[in-house]
Amino acid sequence: MFLMEVKLHEFEKIYGDANKAAEARRQFLERVTGVKLENIGKTTIDLNTVVGKNIENVIGAVQIPVGVAGPLLIKGDYANGYFYIPLATTEGALVASVNRGAKIITESGGTRVKVLKDGMTRAPLFKLQSVIEAIKFVEWVYQHFDELKKVAESTTKHGKLKEVQPFIVGNYVWLRFVFSTGDAMGMNMVTIATDAIAKYISEKFPEAKLVALSGNMCVDKKANAVNFILGRGKTVIAEALIKRDVLEKFGVSPEDVHNVNVEKNLIGSALAHSYGFNAHFANIIAAIFIATGQDVAQVVESSMGITTTEPREEGLYISVFLPSLEVGTVGGGTGLPTQREALELLGVAGPGNPPGTNALKFAEIVASAVLAGELNLLLALTRNELASAHQRLGRAKGT
Ligand SMILES: CC(C)(COP(=O)([O-])OP(=O)([O-])OC[C@H]1O[C@@H](n2cnc3c(N)ncnc32)[C@H](O)[C@@H]1OP(=O)([O-])[O-])[C@@H](O)C(=O)NCCC(=O)NCCSC(=O)C[C@@](C)(O)CC(=O)[O-]
Ligand SMILES: NC(=O)C1=CN([C@@H]2O[C@H](COP(=O)(O)OP(=O)(O)OC[C@H]3O[C@@H](n4cnc5c(N)ncnc54)[C@H](OP(=O)(O)O)[C@@H]3O)[C@@H](O)[C@H]2O)C=CC1
């Protein structure tokens, strides 16, 4: 144990500069642990821009290699054209995998993609005396929805309260508030807005006692069924029709790939009771999230989803359904220098015009990239090349 008179989190106050504070923290850690921190301190980030916004007790940054997959032809309502997808990962063969999927989709005419729903949620939990009171409370909430909306929207320019989804268990009530959040992923925005609602409720309906501003029905950062069914963030579907002759170049038919999808992704996932009937949505979601400054913990629910396939005379119909894709192009880590460049590469950095359109375009691109990765892994499994690819591209050499 090392005791200090000055607390590490007070260094910014002492040095008046976050870069100097980080250097002093590194020196302190080097002294007390004997570990040299010569790489963590090397970063393009001016730490003054992240303290008070993205991080506390900052000592530097870690770096993760970024590759690109593409061009990927996307035909969405917002994303239209050829895209190079930035993927930050340390899993060898992943970028190659998405790259081959992008090539096959592009050769087959591209992806079509639609955002079906858009809404970020926060669900505070209230306790009442009985189920009778709980029902009265929910009725009151419906009757006063316009007031609650006004209170919530007084805290934000871009956030709009769209809906409330109540759930009652015994004498407990969860109010799952759904907001549109423009180009922001929106978690901070809707938490602040929901806090204002909770304070208003405590004045106007004091019988409802707030247990927790997040009652775990939101659901943030946990695999769950409610987001799967009701949606959270963007609910997106991307689809493509892969030409039979394009697949045949790889020695497989649409029927072969379809069978693997049904037997692995559907039956295998059913047996495992997975919250995803897919092969590796999380691979692509995590790599894009890291590259573009998304909240990486939200990979949990953002990568839930289903892959469907159907062999047709012309080829293989394939789609991915992502019910809870939580993405933004402003806020969070999206303004960091390298992350912003990655968003610029996709033409979605910062606010859209009109607001919200950049985040929708980004969601379409992410879903299309997931489709590319999913198609390719199914193809690779059909050809039994998973192990050999990872042997060649993803194995530590001589360590
Ligand atoms: C690796 C490949 C694509 C090789 O596949 P290949 O057919 O031997 O490669 P190729 O040299 O014939 O090239 C074909 C195309 O692949 C791409 N490609 C090929 N090599 C590269 C490279 N170095 N860098 C970038 N792109 C590459 C590229 O698009 C190229 O076309 P070209 O541009 O040359 O006209 C293939 O074997 C493959 O996809 N294997 C599967 C790998 C994979 O999908 N890994 C993902 C991670 S798996 C995982 O983490 C999840 C899992 C599996 O556990 C989940 C589960 O349980 O299902
Ligand atoms: N607080 C919490 O409980 C949680 C927070 N987080 C963290 O929250 C952060 C993400 O929250 P988020 O609210 O997205 O981001 P930020 O809190 O970083 O800020 C987004 C803000 O940007 C402003 N803004 C400017 N232009 C636009 C535009 N075109 N569209 C939308 N907003 C715009 C909005 O201001 P205005 O509101 O005035 O319109 C909005 O509140 C991440 O860092 C994440 O890790 C994650 C989980 C939980």
Side-chain angles (χ1 to χ4, degrees), residues 50 53-55 67-72 87 89 91-107 120 122 152-160 179-195 213-214 218 220-221 233 249-252 260-261 264-265 268-269 272 274 276 278-284 286-287 289 293-298 303 307 326-336 348 350-360 372-394:
V50 293
K53 187 165 145 205
N54 299 104
I55 188 98
V68 286
L72 173 60
L87 298 160
T89 184
E91 181 177 12
L94 178 60
V95 176
S97 174
V98 182
N99 202 31
R100 190 172 71 174
K103 178 184 146 115
I104 295 169
I105 288 173
T106 301
E107 277 176 14
M120 180 45 67
R122 187 48 105 195
E153 293 177 6
S154 70
T155 67
T156 166
K157 282 201 292 290
H158 292 84
K160 303 283 171 238
F179 293 80
S180 63
T181 58
D183 293 299
M185 176 274 284
M187 207 47 291
N188 269 339
M189 184 196 282
V190 311
T191 301
I192 294 163
T194 305
D195 186 49
L213 190 58
S214 166
C218 314
D220 198 39
K221 303 178 178 173
K249 277 192 242 161
F250 292 92
V252 300
V260 172
N261 184 49
K264 168 199 169 62
N265 280 344
S269 299
S274 285
N278 65 74
H280 69 150
F281 285 16
N283 259 340
I284 299 98
F289 272 31
Q294 309 303 306
D295 186 329
V296 183
Q298 291 180 328
S303 57
T307 299
E326 295 148 343
V327 289
T329 61
V330 303
T334 60
L336 298 176
V348 295
N353 185 15
T357 50
N358 262 4
L360 289 164
E374 196 67 4
L375 168 70
N376 184 66
L377 182 51
L378 287 174
L379 174 63
L381 290 165
T382 308
R383 302 177 80 210
N384 196 15
E385 60 184 349
L386 180 64
S388 58
H390 284 255
Q391 180 86 22
R392 185 161 58 86
L393 294 170

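Counting starts at 1 for both ligands and their atoms, following the listed order.
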* Kindly say whether G328 contributes a backbone atom to a donor-acceptor pair with the side chain of Q294 at under 3.5 angstrom? => yes
* So between N376, L379, N99, whose heavy atom ends up nearest atom 39 (O) of ligand 1? -> N376
* N/O to N/O below 3.5 Å, does that happen between T155 and ligand 2? -> no
* Close N or O approach (D220, ligand 2; < 3.5 Å) -> no
* Structure fact -> Of all protein heavy atoms, the one nearest atom 44 (C) of ligand 2 is D295 OD2, 3.3 Å
* Please indicate whether any nitrogen or oxygen in R100 is less than 3.5 Å from any nitrogen or oxygen in ligand 1. => yes
* Which ligand 2 atoms, with their elements, are less than 4.0 angstrom from a heavy-atom of P351? -> 29 (N)
* Could you find the nearest protein heavy atom to atom 11 (O) of ligand 2 and give me its residue, atom name and distance? => N188 N, 3.1 Å
* Purely on distance, is any nitrogen or oxygen of T191 under 3.5 Å from one on ligand 2? -> yes
* Please state which part of K53 comes within less than 4.0 Å of ligand 2, counting heavy atoms only: side chain, backbone, both or neither. => neither
* Asked: Considering only protein heavy atoms, which is closest to atom 41 (O) of ligand 2, and at what distance to one decimal place?
  -> M189 CE, 3.7 Å
* To do: Give the residue, atom name and distance (to 0.1 Å) of the protein heavy atom nearest atom 18 (O) of ligand 2.
  => G332 N, 3.0 Å
* To do: Taking the side chain as every heavy atom from C-beta outward, state whether E326 and M187 have any atom pair closer than 4.5 Å.
  => no
* Which ligand 2 atoms are under 4.0 Å away from a heavy-atom of K157? -> 36 (P), 37 (O), 38 (O), 39 (O)
* Asked: If you measure from the Lys or Arg side-chain nitrogens to the Asp or Glu carboxylate oxygens, is any gap between D195 and R122 under 4.0 Å?
  -> no
* Return a yes/no value for Q298: is any of its N or O atoms, backbone included, closer than 3.5 angstrom to an N or O of ligand 2? => no
* Structure fact -> Closest to atom 23 (C) of ligand 2 among protein heavy atoms sits H158 ND1, 4.4 Å
